[in-house]
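Atoms within each ligand, like the ligands themselves, are counted from 1 in listed order.
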Amino acid sequence: MNVVKKKIDLRAWGGATKKEWADWRWQYQNRIRTLPKLAGLAGLPPDAVKRLNPVVGTYHFAVTPHYFSLINLADKNDPISRQCFPDFREVDDVIDGVPDPLQESEHMPVPGLVQRYADRCLALATNQCATYCRHCNRKRLWGKSAPARTKDDLRGMVDFVASSPGIREVIVSGGDPLTLDEDLLDWFLGAFRAIRHVEVLRIGSRIPVVMPMRITKTLCRMLRKHRPLWFNTQFNHVNEITPESARACEMILEAGIPVSNQSVLLKGVNDSYEAMRELVCGLQCISVRPYYLFQCDPVAGTDHFRCDLLKGMEIIEKLWRNASGLCLPRYVIDAPGRGGKIPLQPFSLSANRE
Ligand code: SF4
């Protein structure tokens with residue numbers, strides 16, 4: 001796979017320098033966060049903007065300049081804009097969705113810590129993300145009324161894990177934990193690492209995709225200290241694999257941290273065999289292991305992304321027949337509460353394996 005570098009017109013970004021563009025702080029500060037700014041850059045007509053007002057009034061909106069630069073604005077069906085531009089269906093189209101279909105909030109022994117399995121737990125370290133993915137299954141957390149995490153919340157999570165000897169793995173996620181202050185994240189990971197029964201840490205972050213410049217040498221040095229640490233990211237389309245994202249993953253790998261990918265099956269983004277094959281083969285080329293392909297959860301405001309299960313089965317069946325084993329993610333649906341991940345495997349493949 002040839003990872004092609006896209007030419008950026010820096011004039012559209014207030015004449016930023018190349019050095020600024022490559023600095024994650026500049027990227028974070030210059031995120032597109034308002035509809036007028038988005039309309040100006042993407043050429044949206046005024047009536048479209050008016051229609052989107054209730055969407056951004058309900059759910060946060062932010063896109064990094066890097067992620068925006070991957071969009072082909074001439075393509076109305078661009079797979080990147082679909083994932084990050086607000087869509088009026090997020091507030092109109094709530095036929096099936098509920099805010100918390102996995103019932104995470106019912107399995108939260110202390111604020112921010114979800115325990116759905118006996119031996120592992122999920123620490124929701126922050127509600128902030130660099131780019132807000134419209135298909136996110138934790139949209140409820142970036143609602144305007146959701147409280148921000150405090151250091152006391154983080155301490156509470158650490159104390160709970162310290163007093164739960166059955167927990168051997170802690171997954172630090174969010175929001176995106178790599179938007180946290182680096183010293184605070186170092187402290188948080190270190191506090192879990194200091195607990196004798198915690199054997200493994202995991203980070204879930206979309207930063208390598210949406211703001212890859214955040215993966216710096218200093219950050220990697222810090223993360224390296226907390227091994228065994230596993231890094232899960234989320235590429236959903238081959239267009240997200242860029243020289244910058246490939247380099248970010250390489251730096252994490254060079255720090256001795258395995259990188260895996262958890263995609264979501266998204267209508268209009270990657271719901272075809274061809275799109276999925278390009279994605280998983282592209283990931284293999286940058287040494288990122290396709291781990292899970294998630295059926296999109298029935299979260300309020302994401303109906304328009306949800307594919308039929310049979311469609312997913314059809315894609316996975318073709319992949320199994322035509323792609324190398326290292327490219328094959330497990331297609332799963334997450335069940336509510338303690339139900340866990342249920343593998344979805346076409347019957348024809350089960351029969352073949354017997
Ligand atoms: S980065 Fe992760 S938590 Fe944040 S909006 Fe995207 S999917 Fe959701």
Side-chain angles (χ1 to χ4, degrees), residues 24 27-28 31-33 38 55-56 58-68 70-71 79-87 90 97 99-102 104-105 108 112-114 122-144 146-149 171-180 185 202-215 230-237 239-240 245 248-249 252 259-267 269-270 279 288 291-302 304-306 329 332 334:
W24 70 269
Q27 287 278 335
Y28 197 76
R31 291 179 301 160
I32 307 163
R33 304 185 66 183
L38 176 66
V55 181
V56 298
T58 308
Y59 298 115
H60 275 327
F61 160 63
V63 187
T64 56
H66 167 81
Y67 199 56
F68 183 87
L70 309 183
I71 297 169
I80 311 288
S81 64
R82 282 196 176 225
Q83 291 181 71
C84 66
F85 283 13
D87 186 308
E90 291 174 50
D100 183 13
L102 304 183
E104 289 185 331
S105 39
M108 228 179 240
L113 187 129
V114 181
L122 175 67
L124 303 177
T126 174
N127 298 336
Q128 306 293 314
C129 298
T131 290
Y132 291 97
C133 316
R134 311 320 298 179
H135 57 271
C136 179
N137 70 353
R138 298 207 180 98
K139 282 177 97 139
R140 69 183 189 282
L141 296 182
W142 29 276
K144 299 253 154 96
R149 294 268 167 261
I171 301 152
V172 177
S173 185
D176 200 310
L178 294 191
T179 60
L180 283 178
L185 181 60
R202 211 194 297 180
I203 281 198
S205 166
R206 243 201 138 189
I207 284 289
V209 180
V210 299
M211 196 171 67
M213 11 336 241
R214 175 68 190 95
I215 308 297
W230 295 66
F231 197 106
N232 280 350
T233 191
Q234 187 196 130
F235 287 86
N236 290 321
H237 193 274
N239 291 4
E240 294 170 337
S245 62
C249 294
I252 302 168
V259 184
S260 305
N261 190 65
Q262 305 190 154
S263 302
V264 187
L265 183 63
L266 299 170
K267 196 184 278 179
V269 174
N270 57 17
L279 171 64
V288 173
Y291 175 39
Y292 279 133
L293 171 62
F294 281 106
Q295 176 67 14
C296 188
D297 296 322
V299 175
T302 64
H304 54 294
F305 283 116
R306 215 148 17 259
V332 292
D334 223 341

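At least one N, O or S atom of C136, from either the backbone or the side chain, sits less than 2.8 Å from atom 8 (Fe) of ligand 1.
Counting only heavy atoms of the protein, atom 5 (S) of ligand 1 lies nearest to C133 N, 3.2 Å.
At a 4.0 Å heavy-atom cut-off, ligand 1 touches Q234 through the side chain alone. With a 4.0 Å cut-off on non-hydrogen atoms, C129 touches ligand 1 through its side chain and not its backbone.
A heavy-atom distance below 4.5 Å is found between the side chains of F305 and C296.
At a distance under 4.0 Å, no protein heavy atom can be found next to atom 2 (Fe) of ligand 1.
A side-chain donor-acceptor contact under 3.5 Å links S263 to the backbone of F235. For the pair N236 (side chain) and V264 (backbone), a donor-acceptor distance under 3.5 Å is present.
Nearest approach of P79 to N239, heavy atoms of both residues: CG-ND2, 3.9 Å.
Remark: R134 CZ to T302 OG1 distance equals 11.5 Å, nearest 0.5 Å.
Heavy-atom proximity to R206, at under 4.0 Å, picks out these atoms of ligand 1: 1 (S). Every atom of ligand 1 with a heavy atom of G175 under 4.0 Å away is listed here by number and element: 3 (S).
Between E240 and Y67, the side chains place a donor N or O and an acceptor N or O closer than 3.5 Å (distance only, hydrogens not considered).
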